[in-house]
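The structure appears right after this line, and notes come after that.
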Amino acid sequence: MAMTVRLTDEENAHLAQLAEAEGRSKQDILRLALADRWSRLQKEQQLGEVLSRVLPRYKGLLDRIGTA
């Protein structure tokens, strides 16, 4: 799917510098940035799910540690 991304002159300059430094196209840089952010979001969601299961189980212990 085609998409238009509107960037400020400064953002476009940064994107061009990144692309040149990495030897990639600006489009590739944007794709990589999206993939990286998506990956981080997934990890944050997984961590949230784990913590929501684990923290209640150890609430008493964590409360005692917090007051020690």
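Numbering starts at 1 and runs along the sequence shown.
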Seminar exercise, completed: The complete set of salt bridge (Lys or Arg N to Asp or Glu O under 4.0 Å) pairs with one or both residues in residues 12-25, sequence neighbours excluded, reads Glu22-Arg24
Exercise. Which other residues end up in the same hydrophobic cluster as Trp38, if Ile, Leu, Val, Met, Phe, Trp and Tyr are linked when side-chain heavy atoms come under 4.5 Å apart?
Worked result: Leu41
For this session: State, to 0.1 Å, how close Ala19 and Ser25 come at their nearest heavy-atom pair, and which atoms those are.
Result: CB-C, 3.9 Å
Problem set entry | More than 12 heavy atoms from other groups under 6.0 Å of CD on Glu10 | no
Would you list the atom pairs, donor with acceptor, under 3.5 Å between side chains in residues 53-61 and any protein atom, with sequence neighbours excluded?
{"residue": "Lys59", "atom": "NZ", "partner": "Asp63", "partner atom": "OD2", "Å": "2.9"}

Exercise. Say you draw a straight line from NZ of Lys26 to CD1 of Ile29; how long is it, rounded to the nearest 0.5 Å?
Worked result: 11.0 Å
Seminar exercise, completed: The side-chain hydrogen bond (donor to acceptor under 3.5 Å, both in side chains) partners of Asp36 (sequence neighbours excluded) come to Arg40
Exercise. Going by heavy atoms in the side chains, are Leu7 and His14 under 4.5 Å from each other?
Worked result: no
For this session: Could you grab the distance from atom CG of Asp28 to atom CG of Leu18, nearest 0.5 Å is fine?
Result: 12.5 Å
Problem set entry | Contacts of Arg37 that satisfy side-chain hydrogen bond (donor to acceptor under 3.5 Å, both in side chains) - sequence neighbours left out | none
For this session: Only counting residues at least two apart or in another chain, list the ones meeting side-chain hydrogen bond (donor to acceptor under 3.5 Å, both in side chains) with Ser52.
Result: none
